[in-house]
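Structure, as structure tokens:
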Protein chains: 2
Amino acid sequence: MVADLTSRRGVPDATVARLPEYLRALTALTERGVTSVSSEELAAAAGVSSAKLRKDLSHLGSYGVRGVGYDVEHLAYEIARELGLTQDWPVVIVGMGNLGRALADYSGFIKGGFRVVGLLDRDPALVGQDIAGLAVRHMDDLAAVASEHSVSIGVIATPAASAQDVCDALVDTGIRAVLNFAPCMLSVPDGVDTRRVDLSTELQILAFHSQRRMLDVAAEGVAGDEAAASAPTPVGAAR
Amino acid sequence: MVADLTSRRGVPDATVARLPEYLRALTALTERGVTSVSSEELAAAAGVSSAKLRKDLSHLGSYGVRGVGYDVEHLAYEIARELGLTQDWPVVIVGMGNLGRALADYSGFIKGGFRVVGLLDRDPALVGQDIAGLAVRHMDDLAAVASEHSVSIGVIATPAASAQDVCDALVDTGIRAVLNFAPCMLSVPDGVDTRRVDLSTELQILAFHSQRRMLDVAAEGVAGDEAAASAPTPVGAAR
DNA sequence: TAGATTGTTAATCGATTAACAATC
DNA sequence: TAGATTGTTAATCGATTAACAATC
């Protein structure tokens, strides 16, 4: 019997989510000509504690040198490899509204691995237009584009109403990873990975914290009245 | 001595992050004319387990009826209130490239609370242009716009190189909540809350899972050879 | 009352933190 | 060797899950 292959050399989800930030910090250090870095310095650059950084890196292997630190270039390579960025990931973007255009343009900035090979829309008026050096193709050509370039990641930048249909079409072509910018849940078969990015959710989380901060200040004000006016700056700590 | 006012009626972060999804699911139910829902049904619509949903809701209060379920409209109201969406949150967006335009347009779709009152850019060619019904103003007018509308949330949609300067300017006007779409860390004083949305990070997390899935399939293939060809569909479960 | 479903409890799981032994 | 810093251990903290008593 084969034992639990799905969690092979399991790197915790929380760690995976931080690896891109470490990689970005290391890239910035490389650009500044820094060749070696301690966990304390790198952690500060990435906005985490050094204990957390070392714990995270320990899941990938032993790439540091005790008493010295980490070789910036080597550590960057190992993180990139762990994330799969040493491979090629052809991407299609569906939906060429403002958001789709922004994503297509932005793709030029992405370091490593990701390559936008197809832009699709179902509006005939957009088909054929050149965006970021690619001609927009019609949704009906999705299967052709996908197989032509062995597309592995699909990005949905359509309105919510079309998102599920687009997702189904992406999955039909064999795509197993979907990034969804539409404000809706997608249902996908087992074996397909989806992530959602939603402006509205992010704003709502910010609003929650802002509101709590306001209520805290109000409560502290009342408490301060009782216990004499002792706190001149009533703005509470965030998060 | 005043006891721990900052975590007043603390709702866990993990719960707060899911409230927007519950609210979206409830809104969809309202639109379909559904007036009552069980934790089981709502959980399915939001893509979580019913145990998790009930636990999350229990942090807000007791808004359900045993044996019956939840009143859709009432629960939606309570979640909206908890998130602060019953208040008005004036928002400015800085950076009117494709992404900034997309965000400005998208704002029309946002339910409750958020109101885009200012669009800013430092490019004179863009200043004065009409986007989504608002005239773009110059960055130099930020302080005026912010005080005019009591702006509480700032959105950064500029390139990474300008993001920190923009953030400092936002904080200077008294803004205490910042949503950052630029691919960089921001440093802010205590009491300022920031969140970051980054395409590149999301793609990298997808790539990690895709790569692991490929490696798992490969490993299973080898193991399958040893233990006889018993698994006809070698695609492993995602996440 | 009987059936259904919530809200809570207790157990489990995973992530974070602090401290330090290993070692360059 | 002495100083510095990693990688790991153990303790703490927070989130998830399953089960069920409370109660409509």
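Residue numbers begin at 1 in each chain, while the letters A, B, ... track the order of the sequences.
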key: Non-neighbouring partners of A/Asp88 that pass salt bridge (Lys or Arg N to Asp or Glu O under 4.0 Å), sequence neighbours left out   = A/Arg115
key: Results of side-chain hydrogen bond (donor to acceptor under 3.5 Å, both in side chains) for B/Asn180 - residues two or more places apart only   = none
task = Taking all heavy atoms of A/Phe208 and all of B/Glu82, pick out the closest pair and write down the distance.
result = CD1-O, 3.2 Å
remark   = Taking every heavy atom of B/Ile175 against every heavy atom of B/Val192, the minimum-distance pair comes out as O-CG2, 4.4 Å
query = With sequence neighbours excluded, what pairs up with A/Arg66 under the side-chain hydrogen bond (donor to acceptor under 3.5 Å, both in side chains) test?
reply = none
Side-chain donor-acceptor pairs under 3.5 Å in residues 152-169 of chain B, sequence neighbours left out?
from, atom 1, to, atom 2, distance (Å)
B/Gln164, OE1, B/Ser187, N, 2.9
B/Gln164, NE2, B/Asp168, OD1, 2.9
B/Gln164, NE2, B/Ser187, O, 3.0

message = Can you list, in residue-number order, the parts of residues 72-79 of chain B that come under 4.0 Å of DNA chain C, counting heavy atoms only?
response = none
key: Qualifying residues under side chain to side chain contact (heavy atoms under 4.5 Å, CB included), relative to A/Val65, sequence neighbours excluded   = A/Val68
ask   = Would you write out the dot-bracket form of DNA chain C, 5' to 3', with Watson-Crick and G-U pairs under 3.5 Å, [ ] for crossing pairs, | for pairs to other strands and . for unpaired bases?
value = ..||||||||||||||||||||||
query = Do A/Ser39 and A/Arg54 meet the criterion of a side-chain donor-acceptor pair at a distance under 3.5 Å?
reply = yes
request  = Taking all non-hydrogen atoms of both residues into account, name the closest pair between A/Leu206 and B/Ala177 and its distance.
outcome  = CD2-CB, 4.0 Å
task = For DNA chain C, find the residues of residues 45-55 of chain B with a heavy-atom distance under 4.0 Å and give them by number; none if there aren't any.
result = B/Arg54, B/Lys55
key: Residue whose nearest DNA chain D nucleotide is more 5′ - A/Tyr70 or B/Thr15   = A/Tyr70
Along DNA chain C (nearest heavy atom to each residue), the more 5'-positioned of B/Ser58 and A/Arg66 = B/Ser58
message = What is the first contacted nucleotide of DNA chain D and what is the last, in 5' to 3' order, if contact means an atom lying under 4.0 angstrom from a heavy atom of chain A?
response = D/dA4 to D/dT9
Identify every side-chain donor-acceptor pair in residues 46-53 of chain B under 3.5 Å, counting partners at least two apart or on other chains, and give the distances.
from, atom 1, to, atom 2, distance (Å)
B/Ser49, OG, B/Lys52, N, 3.2
B/Ser50, OG, B/Glu40, OE1, 3.4

Residues forming a salt bridge (Lys or Arg N to Asp or Glu O under 4.0 Å) with A/Glu21, sequence neighbours excluded = A/Arg24, B/Arg196
ask   = Does one side chain, of A/Glu31 or A/Thr27, offer a donor that lies under 3.5 Å from an acceptor on the other?
value = no
query = How would you list, by chain and number, every residue that makes a side-chain hydrogen bond (donor to acceptor under 3.5 Å, both in side chains) with B/Glu202, sequence neighbours excluded?
reply = A/Arg195
